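Step one of this worksheet: look at the structure below.
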Amino acid sequence: MLEFAVWSLSILAGIAILVLAGDRLSDKIIEVARRAGVSPLIISIVLVSFSTTLPEITTSALASYQGVNGIALGNALGSIFANIALILGLASLIKPLKADSPAYENSLAMLASLVFLMVLSIDGTLSRLDGFLLLLAYAAYLRWLLKKHARNGADWEPVDGVGIIDYALLIILGLFLVGGAGMVVFGGKNIAQALGVSDFVVGATVVAVGTSLPEMTNAIYGAIRERGNISVGNIIGANIINALVVLGIASLIRPLQTGASVLTVILVLFVMVPMIASLRKTGGIGRRVGAYFLALYALYLALLFYGVEL
């Protein structure tokens, strides 16, 4: 019992470190980028999206390095599912979300990233070559996105120089992220073994929801402030990164077995397709669709509770 409490505390403390250090690191990255003269377009499209997924990137990469395949895979896929079913579900119940047309266009890229991931996983493994292809696909997506919005890249001059202290802080905060991820992986792996469940189940639920807290904060804030573009846009960007970057990096480190994730991917499609349809038809996500998302997430948890291998 004491060991179980230690493992649970390790997960909770690790998630807290990931969220707090990730939030501070994201602010510092953007600050340094501005001071170094990086374009506002690059900051908004690349750095902000990456910042909210730093916990997922770090946790899955470390889990892969340590050979905990289930947490590496479950964290990424579980985050994609939780981002839509749980987070957008909650946000749209608070207030129906409205989004501009670019949200629909990028949601198609989100679906394409998942389909590409499924194609690469059809043999039951994400190899190092597959990981490279996933990262290449994300680079192609960024190139398309930057080219499409190139007209927004106004002249941008450095505000101030970047000193050694700034880079030192980036390294220190990065080390905190690695430490937090290590605590999450340690606790998740041992709890899975103690309860007799797979690493994937722990990764797809507790770890995935924990590392998705930055996205949840942004989405709920956007709903309350009636800024649906914040809620929807951040989720779309985070999901593309989860599919292409998080799993790309993890499988580059160590090939991942994907056989246990089939039903989870199907459930992801069951929320992703209605989300895209709603964005196209209504330009947003209403309470009815949000209620459907939450019901599907509740079903997901029930299946896990009754021991269905997802």
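Keep in mind that this is a model prediction, so the values were computed, not measured. FYI, the numbering just counts along the sequence from 1.
Between L134 and Y138, every side-chain heavy-atom pair lies at or beyond the 4.5 Å cut-off. Between N106 and L145, the closest side-chain pair of non-hydrogen atoms falls below 4.5 Å. Residues L296 and L299 are in side-chain contact: their nearest non-hydrogen atoms beyond the backbone lie under 4.5 Å apart.
Rounding to the nearest 0.5 Å gives a distance of 13.0 Å between CE of M275 and CG of L269. Between atom CD1 of residue I249 and atom OH of residue Y65 there is a gap of 16.0 Å, rounded to the nearest 0.5 Å. One finds the CD1 atom of I276 at 4.0 Å from the CG atom of L111 (value rounded to the nearest 0.5 Å). Taking CG of L263 as the reference point, atom CG of L77 lies at 11.5 Å (rounded to 0.5 Å). Rounding to the nearest 0.5 Å places CZ of R287 at 9.5 Å from CD1 of I94. For the atom pair OG of S64 and CG of N69, the computed distance is 7.5 Å after rounding to the nearest 0.5 Å.
For the side-chain contact (heavy atoms from CB on, under 4.5 Å) with F293, the qualifying choice from I285, L86, L93 is I285, the only one to do so. The side-chain contact (heavy atoms from CB on, under 4.5 Å) with T258 is formed by just one residue from the set D130, V265, L126; it is L126.
The shortest heavy-atom contact between A208 and G74 is CB-O, 4.2 Å. For the residue pair Y300 and A204, the shortest heavy atom distance occurs at OH-CB, 3.2 Å. K98 approaches T282 most closely through the heavy-atom pair NZ-O, 3.5 Å. Closest approach of A103 to L279, counting heavy atoms only: O-CD1, 4.1 Å. The minimum heavy-atom distance linking S92 with G290 is given by the pair OG-CA, 3.1 Å. Residues S127 and P255 share a closest heavy-atom pair of CA-CB, 4.2 Å.
Checking side-chain atoms of S60 against main-chain N and O of I57 turns up no donor-acceptor pair under 3.5 Å. Judged by distance alone, with hydrogens and angles left aside, the side-chain atoms of S79 form a donor-acceptor pair with the main-chain N or O of N75 at under 3.5 Å. Side-chain N or O atoms of S278 include one that pairs as donor or acceptor with a backbone N or O of G284 at under 3.5 Å.
Other residues, nucleotides and ligands contribute at most 12 non-hydrogen atoms within 6.0 Å of the CZ atom of R280. With a 6.0 Å radius and a threshold of 12 heavy atoms from other residues, nucleotides or ligands, Y292 has its OH atom above the threshold. Atom CZ of R128 has more than 12 neighbouring heavy atoms from other residues, nucleotides or ligands inside a 6.0 Å radius.
With sequence neighbours excluded, the residues satisfying side chain to side chain donor-acceptor pair (under 3.5 Å) with K95 are E226. Evaluation of the side chain to side chain contact (heavy atoms under 4.5 Å, CB included) rule for S8 yields F4, I191 as partners, not counting sequence neighbours. Listed by chain and residue number, nothing satisfies the ring-ring contact (aromatic ring centres under 6.0 Å, His included) test with Y104 (two or more places apart in sequence, or in another chain).
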Please table the atom pairs, donor to acceptor, closer than 3.5 Å between any side-chain atom in residues 235-248 and protein atoms at least two apart or in another chain.
from, atom 1, to, atom 2, distance (Å)
N239, OD1, N83, ND2, 2.8
N242, ND2, A238, O, 3.0

List the atom pairs, with distances to 0.1 Å, where a side-chain N or O of residues 112-120 and a protein N or O form a donor-acceptor pair under 3.5 Å, not counting sequence neighbours.
from, atom 1, to, atom 2, distance (Å)
S113, OG, M110, O, 2.6

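Note on V6: it does not cluster hydrophobically with L12, by side-chain heavy-atom contacts below 4.5 Å among ILVMFWY residues. When hydrophobic clusters are built by joining Ile, Leu, Val, Met, Phe, Trp and Tyr residues whose side-chain heavy atoms come closer than 4.5 Å, directly or via intermediates, L267 is grouped together with L90. Note on V273 and V268: separate hydrophobic clusters, where clusters join Ile, Leu, Val, Met, Phe, Trp and Tyr whose side-chain heavy atoms are under 4.5 Å apart, directly or indirectly.
Evaluation of the salt bridge (Lys or Arg N to Asp or Glu O under 4.0 Å) test over residues 58-71, restricted to residues two or more places apart or in two chains, returns none.
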